[in-house]
Amino acid sequence: MASPTVPGARRVRRQLPSSPWLFAAPGLLITGAFILYPFVSTLVNSFTDRRTLVPGEFVGLDNFRELLHDDMFWTGLRNSTLYVLGVVPALVLLPLLLALLVQKNIPGITFFRSAFYTPVVASIVVVGLIWVWLLDERGLVNSLLETLGASPVGFLSDQWLILLSAMTVTVWKGLGYYMIIYLAALANVPRELHEAAAVDGAGAVRRFLTVTVPAVRSTMVLVAALSSVAAFKVFSEVYLMAGPSGGPAGEDTTLVMLVQRTGTGLTGRVGYASAISVVVFVVTVALMLLVLRADRKEES
């Protein structure tokens, strides 16, 4: 006996192929409106002389040629590169050591995990202002130095100390985030490997180098890629520490700060700022490819 046919079943089956697109449509619209369209618009504007209130005309590669002779561009490129070199090694190694410290389930460890993660959820503006108050000429750090008989340190007035202070804020705020990533990776490391190494007489340092590091190497590559891209695009930390002018004579300006300074305002050079943005995009992609290539080369 044939089974009864449910009314409308055939119509439902015909509609099924299009239903995934209905679920994906909100995400695709958001991606197109806030990621794809701005990217294409920036790329097109980089070849024009557009300003904030003036539609630009096509100028070819003139904006990129001007970059080669712009001293402020090279200053921003230098500072952004130094930022990557100073921040990435710390954010690759220190969160791993921190994760090893809080990995064990001992009484009270939840408090320390939460304390280390608190800066991650705090606003970067709040975090930056706290560090500005700490490192100001009349801040807590210099007050302690004066109490000890030392001279005040110009953390927020010296060109290189400003950059170093901003790096410290970035590392301090990112420790908890990357610590969580490492904790997830360390949970998958077999305990038998550490026990076998301990039986062979390996100490804590040797077990760290021969067992832990190889086991989480792929996670270290991920952290290096994420932190290098974020460091090269740094803005808030340096802006808060150095001010809108980018420190003394603008010597602490980064590339993203230069984009903001050049492309905003009633007379902002949107086309030129877009060209700088394209350079930032190309360099960040190159950084990610460089990290991945180094990882593959080490594996081979």
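FYI, the numbering just counts along the sequence from 1.
- With sequence neighbours left out, the side-chain contact (heavy atoms from CB on, under 4.5 Å) criterion links P55 to no other residue.
- E251 meets the side-chain contact (heavy atoms from CB on, under 4.5 Å) test with T75, R78, Q159, A249; sequence neighbours excluded.
- When all heavy atoms of S228 and V88 are compared, the pair lying nearest together is CA-CG2, 3.4 Å.
- Here the closest heavy-atom approach between residue G154 and residue L161 is recorded as O-CD1, 3.5 Å.
- L29 CG: more than 12 foreign heavy atoms inside a 6.0 Å radius.
- When atom types are taken as modelled, the side chain of N63 and the backbone of T48 share a donor-acceptor pair closer than 3.5 angstrom.
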Checklist entry - Passes side-chain contact (heavy atoms from CB on, under 4.5 Å), T170 versus Y83? Steps please. => result CA-CA 10 Å; T170 299; Y83 214 89; 2.6 Å; yes

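- For the atom pair CG of L255 and OG1 of T81, the computed distance is 7.5 Å after rounding to the nearest 0.5 Å.
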Next on the checklist: Please evaluate residues L258 and F73 with respect to the criterion side-chain contact (heavy atoms from CB on, under 4.5 Å), reporting the C-alpha separation (whole Å), side-chain torsions for both, the decisive distance (0.1 Å), and the verdict.
Outcome noted: CA-CA 7 Å; L258 186 60; F73 168 76; 4.2 Å; yes

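- Here the side chains of V256 and F232 are not in contact, with every heavy-atom distance at 4.5 Å or above.
- Considering only residues two or more places apart in sequence or on other chains, L289 meets the side-chain contact (heavy atoms from CB on, under 4.5 Å) condition with V285.
- The shortest heavy-atom contact between A242 and D252 is CB-CB, 4.2 Å.
- How far OG of S165 is from CG of L240: 12.5 Å, rounded to the nearest 0.5 Å.
- Between the side chain of S41 and the backbone N or O of Y37 there is no donor-acceptor pair closer than 3.5 Å.
- Linking ILVMFWY side-chain heavy atoms closer than 4.5 Å, directly or via other members, places L97 and M167 in a single hydrophobic cluster.
- Every residue meeting the ring-ring contact (aromatic ring centres under 6.0 Å, His included) condition with F64, not counting sequence neighbours, appears here in chain and number order: F47.
- Qualifying salt bridge (Lys or Arg N to Asp or Glu O under 4.0 Å) partners for D158, counting only residues two or more places apart in sequence or in other chains: none.
- For the atom pair CH2 (W172) and CG (L91), the distance works out to 13.5 Å, reported to the nearest 0.5 Å.
- A side-chain donor-acceptor contact under 3.5 Å links T52 to the backbone of G268.
- Taking the side chain as every heavy atom from C-beta outward, L226 and Y178 approach each other to under 4.5 Å.
- Residues K104 and I109 form no side-chain contact, since every pair of their non-hydrogen atoms from C-beta on lies 4.5 Å or further apart.
- In this structure E137 satisfies the salt bridge (Lys or Arg N to Asp or Glu O under 4.0 Å) test with no other residue, sequence neighbours excluded.
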Please tabulate, for the side chains in residues 181-190, all donor-acceptor contacts under 3.5 angstrom to protein atoms that are two or more places apart in sequence or on a different chain.
{"from": "Y182", "atom 1": "OH", "to": "V92", "atom 2": "O", "distance (Å)": "2.8"}
{"from": "N188", "atom 1": "ND2", "to": "A184", "atom 2": "O", "distance (Å)": "3.3"}

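- Looking at every heavy atom in both residues, A90 comes nearest to P95 through O-CD, 3.3 Å.
- For the atom pair CD of E66 and CG of D62, the computed distance is 8.5 Å after rounding to the nearest 0.5 Å.
- Atom CH2 of W131 and atom CE of M241 lie 7.5 Å apart (nearest 0.5 Å).
- In terms of modelled atom types and a separation under 3.5 Å, the side chain of S274 and the main chain of N45 share no donor-acceptor contact.
- Linking Ile, Leu, Val, Met, Phe, Trp and Tyr whenever their side-chain heavy atoms come within less than 4.5 Å puts W160 and V238 in one cluster.
- Across all their heavy atoms, L98 and L175 have their closest contact at CD2-CB, 4.4 Å.
- At a threshold of 4.5 Å between non-hydrogen side-chain atoms, the residues P244 and R261 do not count as touching.
- A donor-acceptor contact shorter than 3.5 Å links the side chain of R207 to the backbone of A202.
- Side-chain contact between Y272 and L67: present, with at least one pair of heavy atoms (C-beta onward) separated by less than 4.5 Å.
- F58 is linked by a ring-ring contact (aromatic ring centres under 6.0 Å, His included) to nothing, counting only residues two or more places apart in sequence or in another chain.
- Taking hydrophobic clusters as Ile, Leu, Val, Met, Phe, Trp and Tyr residues chained together by side-chain heavy-atom distances below 4.5 Å, V87 does not share a cluster with V221.
- Interatomic distance, S46 OG to L61 CG, rounded to the nearest 0.5 Å: 9.0 Å.
- With T254 contributing its side chain and V234 its backbone, the two residues share a donor-acceptor pair below 3.5 Å.
- V205 is linked by a side-chain contact (heavy atoms from CB on, under 4.5 Å) to L209, counting only residues two or more places apart in sequence or in another chain.
- In this structure, the side chain of D49 engages the main chain of E57 through a donor-acceptor pair within 3.5 Å.
- The nearest pair of heavy atoms linking P214 to T210 is CG-O, 3.4 Å.
- Judged by distance alone, the side chain of N79 and the main-chain N or O of T253 form a donor-acceptor pair under 3.5 Å.
- Annotation: salt bridge (Lys or Arg N to Asp or Glu O under 4.0 Å) contacts of R113 (sequence neighbours excluded): none.
- Evaluation of the ring-ring contact (aromatic ring centres under 6.0 Å, His included) rule for F235 yields Y239 as partners, not counting sequence neighbours.
- Counting heavy atoms from C-beta on, the side chains of V132 and L156 come closer than 4.5 Å.
- Clustering ILVMFWY residues whenever any of their side-chain heavy atoms sit less than 4.5 angstrom apart, transitively, puts L77 in a cluster other than the one holding M288.
- The side-chain heavy atoms of L43 and F281, taken from C-beta on, include no pair separated by under 4.5 Å.
- Hydrophobic clustering (side-chain heavy atoms under 4.5 Å, transitive across Ile, Leu, Val, Met, Phe, Trp, Tyr) keeps V223 apart from L290.
- Other residues, nucleotides and ligands contribute more than 12 heavy atoms inside 6.0 Å of the CZ atom of F155.
- Taking the ring-ring contact (aromatic ring centres under 6.0 Å, His included) definition, one finds that F208 meets it with nothing, sequence neighbours left out.
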